[in-house]
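Reviewing the structure listed below.
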Amino acid sequence: MPVITRFAPSPTGFLHIGGARTALFCWLFAKHHNGKFLMRIEDTDRARSTPESIETILDGMTWLGLDWDNKDYEGVGYYSQFAQRKRHAEVARQMVANGTAYYCYASTAELDAMRAEQKEKGLPQRYDGRWRDRPASDAPQGVPPVIRLKAPQTGETTIHDSVMGTITVQHSQLDDMVLLRADGTPTYMHAVVVDDYDMGITHVIRGEDHMTNTFRQVQIYKAMGWDIPTFAHLPMILGPDGAKLSKRHGAPAVSDYRDRGYLPEAVRNYLLRLCWSHGDDEIISPQQAIEWFDLGGIGKSPARFDFTKLGSVNAHYIKQTPDVELAKLTAPFIARFLERPLTAVQTDILTRAMPDLKPRAQTLVEIAEMAMFYFHEGVFTLDDKAKKILTPEAKQSLIDLTARLETLSDFTSESVESLFRAYAEEKALKLGAVAQPLRVALSGSTVSPPIFAVAGLLGKDETLRRIRAL
RNA sequence: GUCCCCUUCGUCUAGAGGCCUAGGACAUUACCCUUUCACGGUAGUAACACGGGUUCGAAUCCCGUAGGGGACGCCA
C-alpha cells in the first residue's frame with residue numbers, strides 16, 4: 001500500500017515553526033516511501049479562518065520547498081475541510097443510525113455549569129452523558145441538537161504509536177464528544193477522522209498535543225468499521241526557556257525566519273535535527289534527508305529551540321551558496337536599508353565581495369549590514385575606536401600612500417597590497433599600522449573584510465576619494 | 001484535579017545490558033593562522049534527574065519519587 005501523509009493546518013494565523021517541522025516530517029516520510037504528501041486546510045471554524053492565512057501558510061510551505069501532491073485539487077490547490085461538511089454530517093447521521101452516536105439537546109450554559117461543578121468538586125471534566133440514553137420523545141421543541149459519539153464506557157483502547165510506542169487508555173477516561181454542531185458543521189475531532197479516511201491517509205504524523213485526542217478519534221474509526229491508520233506523534237518544540245514557543249521568544253512564524261535572513265535549506269536542516277537524528281550527522285542535504293528519514297529515528301522527548309545553533313547551520317549553508325545567488329538573495333535586504341533598489345554596478349560589487357562577506361555572516365541580514373559600506377556615499381561617521389586609529393602619523397602615511405596609489409596603473413587588490421607592504425617595510429612599520437588606517441578610511445570602521453580586497457573592488461577613484469575625505 | 005507522555009554536557013543529540021575512561025554538533029575557554037573581524041585548525045571545561053530493585057555486570061530493563069510537557073470545548 002502506498003504511503004499517504006498529510007499536513008492539516010488550521011488557517012487562523014501564520015505557519016508556525018512547529019507546524020513546519022511537522023510538515024517537514026510528513027513530507028520526508030512520504031518522499032522516502034515514494035508516497036504522497038497532501039495538504040488539507042482545516043477551515044471548519046468559519047469565524048477564525050481567513051483566506052489571507054491560507055495564503056500565508058501555503059507561502060511558507062513553498063518557501064521551505066515542501067510541495068504537496070494535491071496542488072491541482074478542485075482548482076483550489078488543497079483539500080478544504082469545510083467543503084466536505086455535507087460528508088461529515090452524513091457520517092455523523094450514519095453513526096446515529098447504527099447506534100454509535102446520539103442527539104444531545106443540552107445547552108451551552110448547561111454544560112458550562114456542569115464543568116464548573118466538576119472542577120469545583122475536583123472531578124474530571126467530562127460530559128456526563130445526560131442525553132446518552134434518553135428516548136427521542138424527550139427532545140425539547142425548537143432546540144437544534146448536536147450529535148455526540150456514544151463512546152464505550154468499559155474496556156480500553158490501545159494504540160501502537162510509531163514514536164511514542166504502545167499506549168493504552170481506559171474507556172472510563174473517554175467522554176461523549178460532539179461530532180456535529182447544532183448548526184450542522186462538524187467538529188475537528190470528527191472531521192479529521194472522516195477526512196483522513198476519505199483521503200486514504202496511511203500515516204497520521206502530527207504534534208504530540210493530539211496524542212490524547214487519538215483515543216477518542218479511534219472510537220469513530222471503530223464505529224464506522226474503518227481501518228485505523230498508523231499514528232506517529234511528534235514531541236513538541238519548546239522555546240529556549242522550556243516554555244511553549246511563542247511570540248515572546250521572537251520568532252514563531254516561518255516568515256520571521258525568512259525576514260531575518262535565514263535560508264530555507266538551513267531552517268529545514270535545523271528543524272530536521274529537532275527530535276530526529278541519524279547517528280552523529282548534523283549537516284544533511286535534502287537528498288540525504290529523504291534517503292535517511294524514518295519514524296524510528298524520532299526521539300520521544302521535547303526539544304528546545306536554539307537560535308544560536310540555527311545561526312551556525314545557516315552560516316554553513318550561506319558559505320555553500322554560490323556568490324551570484326547569494327548576492328541576489330541579499331540584495332533585497334540592502335535595498336531596504338538603502339531605500340532604493342541596487343544598480344547593476346552595485347549588484348556586481350556585491351557579488352564580487354561575496355567571497356569575503358559570506359564567511360563572516362550567519363544571516364543574509366548580517367551580510368547586508370556588513371556590505372553597506374561598499375555603497376556608502378559622502379563622509380563616514382566614525383566611532384571612537386576608528387578615530388583612535390587615525391593618529392596624525394597614520395594620516396600622514398595615508399597621504400604619502402595616496403601619491404603612490406595615484407601612479408598605480410593596474411589597481412588591484414594585489415597591487416595595492418604590495419604597495420602598502422613596500423611602504424610599511426620602508427618606514428619600518430608593521431603592516432597593521434598602515435592597513436588599519438586604510439580600513440577606517442575605506443569602510444568607516446575598524447572591522448571589515450580584507451581591506452586590500454575592498455580597495456580593489458572599490459577601484460582607484462573611489463579608494464582615493466574615501467582616503468581624501470578623511 | 002483526572003488521564004497521557006517525557007527526563008544523557010548550557011542546547012540539539014549518539015547510545016538497543018559488557019564496545020562508555022559516556023561520543024558528536026552548537027555554545028564556551030585557551031592556543032595557532034592573521035592587516036581588523038571572521039573562516040579554518042588544535043586542545044580543554046562540561047551530562048546519564050533522584051531513590052530502590054533485577055543482573056556477574058545498568059545510561060540502557062522494572063518500580064517509585066521529583067521535575068517538565070500535553071490533553072480534558074458546539075477551537076483546531
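- By the 6.0 Å and 45° rule, A:R6 does not stack over the aromatic ring of A:Y79.
- In this structure, A:L390 places its CG atom 20 Å from P of B:U35, rounding to the nearest Å.
- Within 3.5 Å, a donor on the side chain of A:E282 pairs with an acceptor on the base of B:G24, or the reverse.
- Taking atom C1' on both B:C9 and B:U55, the two are 29 Å apart, rounded to the nearest angstrom.
- At a non-hydrogen distance threshold of 4.0 Å, A:R439, A:T446, A:V447, A:S448, A:P449, A:P450, A:I451, A:F452 from residues 437-453 of chain A come into contact with RNA chain B.
- Sequence neighbours left out, the pairs with a member in residues 160-181 of chain A that pass salt bridge (charged side-chain N to carboxylate O under 4.0 Å, His left out) are A:R132-A:D176, A:D175-A:R216.
- Nucleotides of RNA chain B nearest to A:R273 and A:D43 differ in position, and the one nearer the 5' end is that of A:R273.
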Query - Per-nucleotide protein contact string for nucleotides 41-49 of chain B, where B marks a base within reach and S marks sugar-phosphate only (heavy atoms under 4.0 Å, - for neither) - result: ---------

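- Each of A:N213 and A:Q436 lies near RNA chain B, and the nucleotide nearest A:Q436 is the one positioned closer to the 5' end.
- A cation-pi arrangement is not found for A:R260 relative to A:Y262, the charged atom failing to lie both closer than 6.0 Å to the ring centre and inside a 45° cone about the ring normal.
- Residue A:H233 is out of contact with every strand shown, counting any heavy-atom pair closer than 4.0 Å.
- A:D323 has no carboxylate O lying under 4.0 Å from a charged side-chain N of A:R352, or vice versa, which leaves the two without a salt bridge.
- Contacts of A:M177 with the nucleic acid, taken as non-hydrogen atoms under 4.0 Å apart, are absent.
- In terms of polar N and O atoms assigned as donor or acceptor, the side chain of A:R360 comes within less than 3.5 Å of the base of B:C37 in a complementary pairing.
- The existence of a salt bridge linking A:E426 and A:R404 is confirmed by a sub-4.0 Å separation between a basic side-chain nitrogen and an acidic carboxylate oxygen.
- Here the side chain of A:E55 pairs no donor or acceptor atom with the backbone of A:P51 at under 3.5 angstrom.
- Rounded to a whole Å, the CG atom of A:L123 is 12 Å from the P atom of B:C3.
- Straight-line distance from the CD atom of A:Q118 to the P atom of B:G1: 16 Å, rounded to whole Å.
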Report each atom pair, protein N/O against N/O of nucleotides 5-11 of chain B, whose distance is under 3.5 angstrom.
residue, atom, partner, partner atom, Å
B:C5, O2', A:E208, OE2, 3.4
B:C6, OP1, A:K300, NZ, 3.0

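- Geometrically, A:R148 engages A:Y127 in a cation-pi contact defined by less than 6.0 Å to the ring centre and at most 45° from the axis.
- Of the P atoms belonging to B:U7 and B:G24, the separation is 22 Å, rounded to the nearest Å.
- A cation-pi arrangement is present between A:R21 and A:F25, with the terminal nitrogen or guanidinium carbon under 6.0 Å from the aromatic centre and inside a 45° cone about the axis.
- Neither side chain, A:D43 nor A:S10, offers a donor N or O lying under 3.5 Å from an acceptor on the other.
- Across all strands shown, A:K319 has heavy atoms under 4.0 Å from sugar-phosphate atoms exclusively, and none from any base.
- Across all strands shown, the partner of B:U2 is B:A71, judged by Watson-Crick or G-U wobble contacts whose two distances both fall under 3.5 Å.
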Requested in this report: List the steps and the verdict of side-chain hydrogen bond (donor to acceptor under 3.5 Å, both in side chains) for A:H160 and A:T166.
Outcome: CA-CA 4 Å; A:H160 302 280; A:T166 298; 3.0 Å; yes

Query raised in the report: Between A:F452 and A:F420, does a ring-ring contact (aromatic ring centres under 6.0 Å, His included) hold up when you go through it step by step?
Result: CA-CA 9 Å; A:F452 303 120; A:F420 268 68; 5.4 Å; yes

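- A salt bridge links A:R130 with A:E110: the closest approach of a Lys/Arg side-chain nitrogen to an acidic carboxylate oxygen falls below 4.0 angstrom.
- Nucleic acid contact for A:T212: base, since at least one base atom lies under 4.0 Å from a heavy atom of the residue.
- Here the CG-CD distance, from A:L174 to A:E156, works out to 12.0 Å after rounding to the nearest 0.5 Å.
- Here salt bridge (charged side-chain N to carboxylate O under 4.0 Å, His left out) pairs that include residues 306-319 of chain A, with residues two or more places apart or in two chains, are A:E282-A:K309.
- Contact annotation for A:K244: backbone-only contact, meaning every heavy-atom pair under 4.0 Å involves sugar-phosphate atoms and none involves a base.
- Comparing B:U21 with B:U29, their C1' atoms sit 23 Å apart, to the nearest whole Å.
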Report, one pair per line, the protein and nucleotides 73-75 of chain B atoms (nitrogen or oxygen only) whose separation is under 3.5 Å.
residue, atom, partner, partner atom, Å
B:G73, OP2, A:R115, NE, 3.2
B:C74, OP1, A:R115, NH2, 3.0
B:C74, O3', A:R181, NE, 3.1
B:C74, O2, A:A182, N, 3.3
B:C74, N4, A:A106, O, 3.2
B:C75, OP2, A:R181, NE, 2.1
B:C75, OP2, A:R181, NH2, 3.1
B:C75, O5', A:R181, NH2, 3.3
B:C75, O3', A:R181, NH2, 3.1
B:C75, O2', A:D45, OD2, 2.9
B:C75, O2', A:R48, NH2, 2.9
B:C75, O2, A:R48, NH2, 3.3

